[in-house]
Colleague: 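Would you mind keeping the following structure in view while I ask a few things?
Below, chain A is the first sequence line, B the second, and so on; all start at residue 1. Side-chain atoms are counted along with the backbone in the values below, which use heavy atoms only and exclude waters and symmetry mates.
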2 protein chains.
Amino acid sequence: MGWKIVQLTWLTGLLSGGVATIRDVAKAAGVSTATVSAVVNESTFVSPALRARVTAAIASLDYAPLSAARNLKKGRSQLIALVVSDLANPFFARVVWSAEAAVAAWGYSQVIFNSDEKPDNERRILARIRALSCDGVLLVPVDTRVRADQRDPDGHMSPMVHFGRIADDGRADSVTIDNVSAAKQVTNYLLDLGHRSIATITGPSHLTTGRGRLKGLQEAMAARGLAPRPEHVRSGEFREDVAYSVAREIIESADRPTALYAASGVMALGVMRALADLGLRCPDDISIASTDTIPGIGALRPRLTRTEHPVTDMTNEALRLLIDRIARGSGATPRHVVFQPALILGDSCSPLP
Amino acid sequence: MGWKIVQLTWLTGLLSGGVATIRDVAKAAGVSTATVSAVVNESTFVSPALRARVTAAIASLDYAPLSAARNLKKGRSQLIALVVSDLANPFFARVVWSAEAAVAAWGYSQVIFNSDEKPDNERRILARIRALSCDGVLLVPVDTRVRADQRDPDGHMSPMVHFGRIADDGRADSVTIDNVSAAKQVTNYLLDLGHRSIATITGPSHLTTGRGRLKGLQEAMAARGLAPRPEHVRSGEFREDVAYSVAREIIESADRPTALYAASGVMALGVMRALADLGLRCPDDISIASTDTIPGIGALRPRLTRTEHPVTDMTNEALRLLIDRIARGSGATPRHVVFQPALILGDSCSPLP
DNA sequence: GAAATATGCCGAAACGATTAGATCGCGTTT
DNA sequence: AAACGCGATCTAATCGTTTCGGCATATTTC
């Protein structure tokens, strides 16, 4: 029972400055650091008696293992990086929200980065992520080029899943939405309503999201022997203000379309605002539909007809892939999971006589 | 010039498995690890010749210092935790966005947590933050009780700034909005329009935000010898669905108020949706005003009259306080910065005849 | 009852960086 | 010319944890 004596000494250890270390705990409990570690990590069997002493010591010292030290030894950081292309976009805010829960559920913590659609930022961020030695990366890619700098010396890539967009020639795992299908669903709905003059405000053509949604619209129209008028096809950043001004142009132009397809939620908002400012009514003057949604869209009248992304499912799946990739290494061939959007009918589109 | 020989050996070091370490670089450049460290950190003067060799070695080995090791030695993690109370709320999504930029500007990275307004979650998160040994915490507090577990052995608190709400008896630095003033500005505006029957849907009374906004409304009315009817004062979580159902109740009740003050942006959305569903028009049937906004509110018609928070300024200031606290330790007395909200006039309120 | 095998715990060497203190040249001063 | 100072670099200890190998002690096996 010699440990009762040393038990008195931990107080000095505690008072002598910083936070309690595993050595303080070991001393207080009268055991070795190996035993404390075993108790903390439940790695090997420890007798109930010692376990109790250690647990008590941990509690009284308010000890918590320092992750920096643990990470150094284990070579992991318990960190997963989420790099989104536009944090101001409610869609990605939603992703952050979903991802936080999923990441926490897997025992990791989530570091957030915003590339703001700028390749330079993306590069900086990826370097930073590497410096932090995050265990995995969830990336909404901005730069479509091959990202050689993210490859490790063996030529493999560090654990990374692309989200929402495909880049790097599909060499990374990815979770995306079927953009073509989304646009097709919306376009077919509009065509079924009798619309023939359909305009679209879509995203940048260098992104699979922008390209795919435009392609879907074109294919759906082509299937009925139609095509959008060139001046009715406009692409630009996925931003509310961009959509606002483009919508004004389109609507004020000589041949106003009868329907307008906005390729994202924030764009739809911009379009609606343009309409309101122009004193036009939807769907009486023009039908509006979109892909992707934004929170609070429920308060908007008319109710927007749109396709919605299963964001939570997509995020969970992305994280599953990432965890898997972390566990299994970079050997396996990349997997690409594509989700299907669902058409939500509102009353922002009216049939054409 | 003996280092040319060893230069050939770094390849073996590289091929022999993992990522390059500072020792590999040192060997490749024919210098000591101390010199490499000096070059990397620009801590002491290194001659141009050596610096060049080291830089070249770093580049060819694609070396990046392992933060886990660096953090262990330096006792810092380069991480700042942001704990928000509801990631689903666009207001906090906005905070995350602003904070990301500010945090990055200070050279830190941002770890996100969502307490979801649950004290238990908050406790878990704070423990996690401690384990990660984040250098600082930006916290939207949920639990108003004293957080003893966040105090270090000296009885001081770890660097932490409260955001949006005050808790822990104001022992931590804080950045908040003047909630009373916000509610007063809105209420006075409504009163000036002639409204006398003003209802409010406000936040939980245990939060300074909920309490303050109610207090502002009451004080503004009291200043004119008025008071809201008890059944017109409803408090609940800051959520869209809560506001929706409460709004329906209030509006469908016998004595419908002529104006309704929603204490937050999402609540205002819920109210607007309730109005739309009930087939009522704003401001003809009832005037609506709120505090705090949500992105995309610009598309909403009528334009909402509201007070807005200078979110970016608030976030920047919070981070400034936090950095300061990190640098200066926990000795200094806590500072509390209060921002003033601005009244934005829309057309969701009409004068009463 | 001795040998072989488990069991429970400890000692000490890593992990990869930083940094105080030691060392080594080399130009200045006296 | 000897002593000195100083700047540039290196050596080695250190941060707090995990973990491998070893060592008693307890249990089984013949």
Side-chain angles (χ1 to χ4, degrees), chain A residues 2-3 6 10 13-14 16-55 57-58 61-78 130-133, chain B residues 2-3 6 10 13-14 16-54 57-58 61-78 130-133 135:
Chain A
W3 73 275
V6 283
W10 62 255
L14 182 56
S16 74
V19 179
T21 75
I22 199 173
R23 252 182 287 266
D24 298 326
V25 175
K27 206 163 288 181
V31 301
S32 76
T33 62
T35 305
V36 177
S37 178
V39 169
V40 170
N41 299 302
E42 300 177 341
S43 46
T44 50
F45 185 83
V46 178
S47 71
L50 276 207
R51 170 183 305 279
R53 293 223 305 261
V54 170
T55 317
I58 288 176
L61 283 171
D62 195 25
Y63 165 78
L66 192 69
S67 58
R70 164 178 296 192
N71 293 340
L72 172 58
K73 197 72 186 68
K74 292 200 163 184
R76 310 180 305 107
S77 68
Q78 316 212 73
R130 195 183 149 196
L132 286 173
S133 60
Chain B
W3 74 276
V6 284
W10 63 255
L14 183 56
S16 74
V19 180
T21 74
I22 197 173
R23 254 181 286 266
D24 298 326
V25 175
K27 206 164 287 181
V31 300
S32 76
T33 62
T35 305
V36 178
S37 177
V39 169
V40 171
N41 299 302
E42 298 178 341
S43 46
T44 50
F45 185 84
V46 178
S47 69
L50 277 206
R51 167 182 308 278
R53 291 225 305 263
V54 170
I58 288 177
L61 283 173
D62 194 24
Y63 165 78
L66 191 69
S67 57
R70 166 178 295 189
N71 293 341
L72 173 59
K73 196 71 181 71
K74 290 200 164 185
R76 309 179 308 106
S77 68
Q78 316 211 73
R130 193 184 148 195
L132 285 172
S133 60
D135 296 337

Colleague: Using whole Å, report how far CG of Asn71(B) lies from P of dC15(C).
Modeller: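 So the two atoms are 19 Å apart, to the nearest Å.
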
Colleague: If you define the side chain from C-beta out and look only at heavy atoms, does anything of Thr21(A) sit under 4.5 Å from Asp24(A)?
Modeller: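 Sidechains of Asp24(A) and Thr21(A): in contact.
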
Colleague: Round to the nearest Å and state the distance from Arg23(A) atom CZ to dG11(C) atom P.
Modeller: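 To the nearest whole Å, that distance equals 12 Å.
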
Colleague: Side chain of Val46(B), heavy atoms from C-beta onward: which of dT9(D), dC9(C), dA17(C) has the nearest atom to it?
Modeller: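 Of all the options, the side chain of Val46(B) is nearest to dT9(D).
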
Colleague: Enter the distance from Thr35(A):OG1 to Ile22(A):CD1 here, rounded to the nearest 0.5 Å.
Modeller: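 Output value for this atom pair is 9.5 Å.
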
Colleague: Looking only at side-chain atoms of Lys73(B), point me to the closest of dT18(C), dT9(D), dT17(D).
Modeller: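 Among dT18(C), dT9(D), dT17(D), the one nearest the side chain of Lys73(B) is dT18(C).
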
Colleague: From Gln78(B) CD over to Ser133(B) OG, what is the distance, rounded to the nearest 0.5 angstrom?
Modeller: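 OG of Ser133(B) is found 11.0 Å from CD of Gln78(B).
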
Colleague: Measuring to OP1 and OP2 of dG16(C), would you say a side-chain N or O of Thr21(B) lies under 4.0 angstrom away?
Modeller: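 The answer is no; no side-chain N or O of Thr21(B) sits under 4.0 Å from OP1 or OP2.
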
Colleague: Select base, sugar-phosphate, or nothing to describe what Thr33(A) touches, counting heavy atoms under 4.0 Å on all strands.
Modeller: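 Base, at least one base heavy atom under 4.0 Å.
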
Colleague: Give me the atom names and distance for the closest heavy-atom approach of Ala26(A) to Thr33(A).
Modeller: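 Smallest interatomic distance, heavy atoms only, reads CB-N, 3.7 Å.
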
Colleague: Using five base pairs at each end, measure the axis-to-axis angle across the helix from dG1(C)-dC30(D) to dT30(C)-dA1(D) and round it to 10 degrees.
Modeller: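 Axis-to-axis angle, ends of the helix: 50°.
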
Colleague: Using atom CG of Leu132(B) as one end and atom P of dG16(D) as the other, report the distance to the nearest whole Å.
Modeller: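 For the pair Leu132(B) CG and dG16(D) P, the rounded distance is 17 Å.
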
Colleague: Atom CZ of Arg76(A) to atom P of dT19(D): distance rounded to whole Å?
Modeller: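 Taking CZ of Arg76(A) and P of dT19(D), I get 10 Å after rounding.
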
Colleague: Does any non-hydrogen side-chain atom of Val46(A) lie less than 4.5 Å from one of Val54(A)?
Modeller: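 Side chain of Val54(A) against side chain of Val46(A), heavy atoms only: no contact under 4.5 Å found.
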
Colleague: Return the CG to CZ distance between Leu66(B) and Arg130(A), rounded to the nearest 0.5 Å.
Modeller: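 Reported to 0.5 Å precision, the distance equals 10.0 Å.
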
Colleague: Between dC10(D) atom C1' and Phe45(B) atom CZ, what is the distance in whole Å?
Modeller: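 Rounded to whole Å, this separation is 17 Å.
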
Colleague: Find out whether Ile58(B) and Val40(B) are in side-chain contact, i.e. whether some heavy atom of one side chain is under 4.5 Å from a heavy atom of the other.
Modeller: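 Result yes, sub-4.5 Å side-chain heavy-atom pair found.
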
Colleague: Looking across every strand, which nucleic acid part, if any, lies under 4.0 Å from Leu66(A) by heavy atom: base, sugar-phosphate, or nothing?
Modeller: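 The answer is sugar-phosphate, as Leu66(A) gets under 4.0 Å only of primed atoms, P, OP1 or OP2.
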
Colleague: Given the rule in the side-chain contact (heavy atoms from CB on, under 4.5 Å) test, do Leu132(B) and Ser77(B) qualify, once you have shown the distances and angles that lead to the verdict?
Modeller: CA-CA 8 Å; Leu132(B) 285 172; Ser77(B) 68; over 6 Å; no

Colleague: Between Thr55(A) and Arg51(A) (side chain of the first, backbone of the second, donor and acceptor by atom type, cut-off under 3.5 Å), is there such a pair?
Modeller: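 Yes, Thr55(A) side chain to Arg51(A) backbone: donor-acceptor pair under 3.5 Å.
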
Colleague: Kindly state each residue pair satisfying side-chain hydrogen bond (donor to acceptor under 3.5 Å, both in side chains) with at least one member in residues 65-76 of chain B, sequence neighbours excluded.
Modeller: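 For residues 65-76 of chain B, and leaving out neighbouring residues, the side-chain hydrogen bond (donor to acceptor under 3.5 Å, both in side chains) pairs sorted by first residue read Asn41(B)-Arg70(B).
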
Colleague: Starting at atom CG of Asp24(B), determine the distance to atom C1' of dA17(C), rounded to an integer number of angstrom.
Modeller: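 Rounded to the whole Å, the gap is 13 Å.
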
Colleague: Between dA8(D), dG16(C), dT18(C), spot the one nearest the side chain of Leu72(B), thanks.
Modeller: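 Of the candidates, dG16(C) comes closest.
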
Colleague: What is the separation between atom CD1 on Ile22(A) and atom P on dC15(D), rounded to the nearest whole Å?
Modeller: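 From Ile22(A) CD1 to dC15(D) P: 14 Å.
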
Colleague: Here's a test of your reading of the structure: between Ser47(B) and Ala69(B), which maps to the more 5' nucleotide of DNA chain D?
Modeller: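 Per heavy-atom nearest nucleotide, the more 5' residue is Ser47(B).
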
Colleague: Under 4.0 Å between a side-chain N/O of Thr44(A) and OP1 or OP2 of dC9(C), yes or no?
Modeller: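 No, Thr44(A) has no side-chain N/O under 4.0 Å of OP1/OP2 on dC9(C).
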
Colleague: Between Arg51(B) (CZ) and dT9(D) (C1'), how many Å, whole number?
Modeller: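 Rounded to whole Å, this separation is 13 Å.
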
Colleague: Short of 4.0 Å, heavy atom to strand atom, which residues of residues 34-42 of chain B count as contacting DNA chain C?
Modeller: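 Ala34(B), Ser37(B), Asn41(B), in order of number.
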
